[in-house]
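Read through the structure below, which is laid out as structure tokens, and then see the notes.
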2 protein chains.
Amino acid sequence: MDGVSESTPRSSRAQQRIDTQERILTAARQLFADAGYDRTTIRAIAAAAQVDAGLVMHYFGSKEQLFALATRTETPLVTGETPEEVAEQLLGVLRQSLIEEPIGSLAVLRSMLTHPDAAAEVGNAHAERVKVSKAIPGADGNLRAAVVSAILIGVVLGRHLIKLDELADADPEQIVELLRPAVLSLTKADQPE
Amino acid sequence: MDGVSESTPRSSRAQQRIDTQERILTAARQLFADAGYDRTTIRAIAAAAQVDAGLVMHYFGSKEQLFALATRTETPLVTGETPEEVAEQLLGVLRQSLIEEPIGSLAVLRSMLTHPDAAAEVGNAHAERVKVSKAIPGADGNLRAAVVSAILIGVVLGRHLIKLDELADADPEQIVELLRPAVLSLTKADQPE
DNA sequence: GCTTTCATTCAACGGATGTAGAACGGTTCA
DNA sequence: TGAACCGTTCTACATCCGTTGAATGAAAGC
């Protein structure tokens with residue numbers, strides 16, 4: 001039954017390699033999020049992972065490739081049908097991002113602004129817009145979706161990165177409540193005047 | 001009447017020094033906005049200003065001080081009394097920031113996310129929040145003001161820095177229209193249910 | 001005209017960084 | 001037990017950066 005019992009011992013070497021790689025990735029994610037791409041050095045990542053800098057290179061090839069792997073993030077789902085459902089799902093994503101720092105996204109966001117190649121990742125990290133735009137009716141659905149994304153990015157950024165005092169200290173639920181009308185006004189189609 | 005006619009000749013040395021300093025400051029502003037603090041080198045600024053790197057140091061002391069001087073920006077006024085007036089003024093600031101890149105602000109915004117000391121500048125650059133919070137009634141006026149600031153930052157950032165396609169290409173006026181209800185919902189005080 | 005002043009350039013240093021390759025030491029396997 | 005393997009560290013190199021101090025040459029003042 002257990003075909004790997006003898007040929008691949010679960011610990012000691014194969015596993016330790018994987019553990020070490022994961023330790024490096026975790027340290028990289030955290031440091032990239034805290035300090036951005038440029039200010040994060042391979043040596044610092046190695047130190048945080050209690051490893052030599054050369055090993056990081058050996059495993060990941062270059063700082064560039066390590067960054068790409070460390071900041072890969074799965075995009076949240078937006079599957080709602082009605083504007084209200086879409087709005088609630090977006091607010092749910094926001095709530096989660098306010099409660100705990102979305103480390104991968106922060107790393108990308110922070111780095112994107114100084115590191116050219118990171119910008120490409122944003123289309124990926126926030127590809128939710130694509131789905132959002134399909135869920136928002138009207139000819140300007142795409143634009144509305146982009147504006148909503150920008151708003152959410154701005155608020156998350158204001159809380160975790162810029163750390164605007166009021167935003168950083170406030171109750172997440174209160175922020176969500178304040179934003180509900182704003183998000184709703186954007187997920188609903190134009191109403192003729 | 002003209003006390004400076006002879007004692008301070010307007011050109012040649014005093015003036016050329018001022019001109020050169022201004023040329024350096026302009027180049028610095030642009031480069032900091034384009035590439036952020038870390039990726040902008042003194043040598044690149046000097047080259048853009050057609051000057052030696054040593055001269056930049058000689059005039060501004062350090063990269064740090066140059067950054068502080070180059071990104072100093074005057075804060076827009078928000079003096080409205082009613083929620084509607086405040087909202088319109090905020091939307092006006094947004095409109096202007098969408099039409100032409102606010103280079104100083106972009107430089108701060110971009111650098112702030114990787115350069116620690118730049119963060120302090122944000123309180124200055126967006127000190128408008130203080131005035132906004134006074135113009136927004138209710139116990140949560142401060143929080144509302146912060147949320148509005150975050151939203152505006154997010155949208156400007158989405159257009160000029162992240163360059164979300166739809167946001168970058170859209171008509172500024174259309175974006176402003178989309179955001180009016182959102183901003184209005186935040187400048188108005190809570191209405192009891 | 002000679003000296004002083006000063007805007008500007010030149011050359012260099014010390015440190016940090018990404019990266020490459022040799023070397024080490026324990027594990028695996030015959 | 002001895003040889004091959006491999007995870008890991010050590011050492012070093014080339015480059016780039018911020019910064020400095022001496023050198024240069026033209027303008028200013030006497």
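So you know, we letter chains A, B, ... as the sequences are listed, proteins then strands, and number each from 1.
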* Asked: Which part of the nucleic acid, if any, lies within contact of A:Tyr59, taking any heavy atom under 4.0 Å across all strands shown: a base, the sugar-phosphate backbone alone, or nothing?
  ->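 A:Tyr59: backbone/sugar contact only, no base atoms under 4.0 Å.
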Whole-Å distance separating the [atom1] atom of [X] from the [atom2] atom of [N]:
{"X": "A:Phe60", "N": "D:dG7", "atom1": "CZ", "atom2": "P", "result": "13 Å"}
{"X": "B:Arg17", "N": "C:dC6", "atom1": "CZ", "atom2": "C1'", "result": "8 Å"}
{"X": "A:Phe67", "N": "C:dT19", "atom1": "CZ", "atom2": "C1'", "result": "19 Å"}
{"X": "A:Asp38", "N": "C:dA16", "atom1": "CG", "atom2": "P", "result": "17 Å"}
{"X": "B:Leu31", "N": "D:dC17", "atom1": "CG", "atom2": "P", "result": "12 Å"}
{"X": "A:Ile18", "N": "D:dT8", "atom1": "CD1", "atom2": "C1'", "result": "17 Å"}
{"X": "A:Ile42", "N": "D:dT15", "atom1": "CD1", "atom2": "P", "result": "19 Å"}
{"X": "A:Gln15", "N": "D:dC6", "atom1": "CD", "atom2": "C1'", "result": "16 Å"}

* Can you tell me if A:Gln96 and A:Glu100 form a side-chain donor-acceptor pair at under 3.5 Å? ->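 Looking only at side-chain atoms, A:Glu100 and A:Gln96 do form a donor-acceptor pair, the distance falling under 3.5 Å.
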* Do B:Tyr59 and B:Gln65 get their side chains close enough for a donor-acceptor pair, meaning under 3.5 Å? ->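 No, B:Gln65 and B:Tyr59 have no side-chain donor paired with an acceptor closer than 3.5 Å.
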Kindly point out which of [options] is positioned nearest to the side chain of [X]?
{"X": "B:Met57", "options": "C:dG18, D:dT20, D:dC17", "value": "D:dT20"}
{"X": "B:Lys63", "options": "C:dT9, D:dG18, C:dG18", "value": "D:dG18"}
{"X": "A:Arg13", "options": "D:dC6, D:dA28, D:dT9", "value": "D:dC6"}
{"X": "B:His58", "options": "C:dT19, C:dT8, D:dT19", "value": "C:dT8"}
{"X": "A:Gln16", "options": "C:dT17, D:dT19, D:dT8", "value": "D:dT8"}

* To do: Please confirm whether the backbone N or O of B:Ala107 pairs with a side-chain atom of B:Thr71, one donor and one acceptor, at under 3.5 Å?
  =>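 Pair absent, no side-chain N/O of B:Thr71 close to backbone of B:Ala107.
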* To do: Would you mind telling me which residue lines up with the more 5' stretch of DNA chain C, B:Leu55 or A:Ser62, judged by nearest nucleotide?
  =>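 Comparing both residues, the 5'-ward one is B:Leu55.
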* **B:Leu152 side, atom CG; A:Ile151 side, atom CD1 - distance, nearest 0.5 Å** =>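 Rounded to the nearest 0.5 Å, the CG-CD1 separation comes out at 9.0 Å.
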* Asked: Using a cut-off of less than 4.0 Å, is there contact between a side-chain N or O of A:Thr20 and OP1 or OP2 of D:dT8?
  ->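 For D:dT8, OP1/OP2 do have a side-chain N/O of A:Thr20 under 4.0 Å.
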* **side chain to side chain donor-acceptor pair (under 3.5 Å) involving A:Glu173 - partner list, sequence neighbours excluded** =>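 With sequence neighbours excluded, A:Glu173 shows a side chain to side chain donor-acceptor pair (under 3.5 Å) to A:Arg95, given in chain and number order.
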